[in-house]
Protein chains: 2
Amino acid sequence: MAQSPSKSQSESGSGSIQVIDRLTALLEAIARNRDPVSLKVLSAETELHPSTAFRILASAIENGLVAREGSNYRLGIRLLQLGSRVASHQDLRREARPLMETLRDQIGETVNLTVRQGDEVVYLDRALPERMMRVEQRIGSRAPLHVTAVGKLMLGEGSEADCRAYAQRTGLPGYTRYSLTDEEQLVQHVSGCVRAGFAYDDEEAETGVGCIGVLVHDDAGQIVAGLSISAPIERRRDEWIELLKATAQELSTQLG
Amino acid sequence: MAQSPSKSQSESGSGSIQVIDRLTALLEAIARNRDPVSLKVLSAETELHPSTAFRILASAIENGLVAREGSNYRLGIRLLQLGSRVASHQDLRREARPLMETLRDQIGETVNLTVRQGDEVVYLDRALPERMMRVEQRIGSRAPLHVTAVGKLMLGEGSEADCRAYAQRTGLPGYTRYSLTDEEQLVQHVSGCVRAGFAYDDEEAETGVGCIGVLVHDDAGQIVAGLSISAPIERRRDEWIELLKATAQELSTQLG
DNA sequence: GGGCCATATTTCGTATCGTGAAATCGATTG
DNA sequence: CAATCGATTTCACGATACGAAATATGGCCC
């Protein structure tokens, strides 16, 4: 491989080009912090030598990927452009947006559009209600399948073997005391969700947050996305289930 | 040698780290094309050796910056996340969004929020009307100051010397037959706009598109942003000027 | 104001890492 | 089945990015 066996090869997984891995780690580190970050912090968080981090950041700045504020770093405006050009599922998002907004207006809570990527769901888009307390998922952020409503449905739609494989692979980490962390329990639960045609998330990802999720299929019956409502658990209403199903159905029709 | 011996650093300007420049060029090239692009095309557009482009893309994929579709490339979902985390002017966008939507609903045309960056305006956000024909600017995209309503105001707010320097630096490239490409003319025009407190863009950036722009100041009188309406030229109405000014004023107040 | 500490930035010799020519693989077409 | 074109892999080379250490910068306390 690229590195010698003894050498670091740090961080999550690995990539083939060192500088790109490091650049990504830096961007990630900047993104993680809400406010502009100092070189000190960045080099500490990425375990890069300060001068190395500095050089990479300087190059990133020249390329507009990073911006400076005083002697702190923030994400650059070019990332806005690139982010808005991400074409994956662009058609899906375009079709879904108005439907999501309508649903959001009907129920007054956050509506999310997600897709599966590997063992996680990725939040593609969302419609936020105008109220002070609401659940807000960042676009592009991820969550494991087994702690989200949509994710559990996606697990359930596969074979039982797939679900068990997922459980083995990930070890079913728990996030709250309600997370399903037992393989048997998960397999049972998940098939129940599929039969019902929707899934709850009962504070499994974050305490206090409850969701209802359904799947969106294309005309060939393939799963193309998930649609969910996220709300403070005590505000969640079962009446939403039918509205959500109807919205997903309409989206399916539009796509098919 | 990386490039030909005589040509040390290629492309637009230069950056300090070769791979990062190249990665950025590749991302840019992918973004430029609406559909997924082949390696062939990418290596041609970036003038990189195919195997080099391939290696960099492979690394970018491992880092989620790029995704594959068959043997074509598109921007990766991680860019969505990074793009949504760009904190620059986040407060500004948050404050502006509802005001922009209100204005959009009043007039039924696209409302844009822009900031100056160097010799260009960057589109930070926009509110789009629900109609078939509309003007749509991509978030994060850029345009030269002298062909946009807001840009002309920004030029006009500076000293005449700054404006002339801008003209010299850029050579005032024309985009349509209405673009102002003469320094004298521009200097005159621009100061007129500032006096009026708003500016038109009369098909100067794109034929058929007309805009009205105003500036947003903070409590110290500094320019923080520009607000503009973009519409097919024949639909544009002078009544919008006062609405736009009022919206900008309200935003100023909220920020100050 | 001056001295001191903590960061940021620059320098520079060196080993590493990325490079690109060329070979291989794989699919498509005549 | 040969021929062609593009994607992918290999590999030896040397340009490139690395990081320790030196130097600048700036904030803070006395």
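In what follows, every chain begins at residue 1, and chains take the letters A, B, ... in the order their sequences are listed.
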ring-ring contact (aromatic ring centres under 6.0 Å, His included) filter on Phe54(B), not counting sequence neighbours, yields none
Stepwise, does the side chain to side chain donor-acceptor pair (under 3.5 Å) test hold for Arg142(A) with Gln117(A)? CA-CA 9 Å; Arg142(A) 300 156 208 273; Gln117(A) 211 189 31; 3.1 Å; yes
Under the ring-ring contact (aromatic ring centres under 6.0 Å, His included) rule, what pairs show up with a residue in residues 142-171 of chain A, not counting sequence neighbours? His146(A)-Tyr166(A)
In residues 64-71 of chain B, what donor-acceptor pairs under 3.5 Å come from side-chain atoms, sequence neighbours left out?
unit_1	atom_1	unit_2	atom_2	d
Glu69(B)	OE1	Arg74(B)	NE	3.4
Glu69(B)	OE1	Arg74(B)	NH1	2.7
Glu69(B)	OE1	Arg74(B)	NH2	3.4

Has Thr176(B) got a side-chain atom pairing as donor or acceptor with Glu206(B)'s backbone, closer than 3.5 angstrom? no
In DNA chain C, stems of three or more consecutive pairs, Watson-Crick or G-U, each with both distances under 3.5 Å, turn out to be C:1-30 with D:1-30
Check each residue of residues 35-44 of chain B for a non-hydrogen atom within less than 4.0 Å of any atom in DNA chain D, then write out the ones that pass by number, or none. Ser38(B), Leu39(B), Lys40(B)
By side chain to side chain contact (heavy atoms under 4.5 Å, CB included), Arg94(B) pairs with (sequence neighbours left out) Gln90(B), Asp91(B)
In whole angstrom, give the distance that lies between atom CZ of Phe54(B) and atom C1' of dC5(D). 16 Å
Leu57(A) atom CG is separated from dC18(D) atom P, nearest whole Å, by 12 Å
Of all pairs that satisfy salt bridge (charged side-chain N to carboxylate O under 4.0 Å, His left out), the ones with a partner from residues 164-176 of chain B, not counting sequence neighbours: Asp119(B)-Arg169(B), Glu160(B)-Arg164(B), Arg164(B)-Glu183(B), Arg164(B)-Glu184(B)
Answer with yes or no whether Arg22(B) presents, from its side chain, a donor or acceptor under 3.5 Å of a partner atom in the base of dG18(C). no
Look for any protein N or O under 3.5 Å of an N or O in nucleotides 20-25 of chain D and output each such pair with its distance, or none.
unit_1	atom_1	unit_2	atom_2	d
dA20(D)	OP2	His49(A)	NE2	2.8
dA20(D)	N7	His49(A)	NE2	3.4
dA20(D)	N6	Ser51(A)	OG	3.3

Which residues pass the side chain to side chain contact (heavy atoms under 4.5 Å, CB included) test with Gln254(B), sequence neighbours left out? Glu95(B), Leu99(B), Glu250(B)
Strictly below 4.0 Å, heavy-atom distances to any atom of DNA chain C: list the hits from residues 67-74 of chain A, or just say none. Arg68(A), Ser71(A), Tyr73(A)
Provide, to the nearest angstrom, the distance between the CZ atom belonging to Arg55(A) and the C1' atom belonging to dT16(C). 12 Å
Could you work out which one of dT19(C), dC18(D), dT10(C) sits closest to the side chain of Thr52(A)? dC18(D)
Please list, pair by pair, any protein nitrogen or oxygen found under 3.5 Å from a nitrogen or oxygen in nucleotides 27-29 of chain D.
none

Sequence-distant partners of Asp218(B), side-chain hydrogen bond (donor to acceptor under 3.5 Å, both in side chains), two or more places apart: none
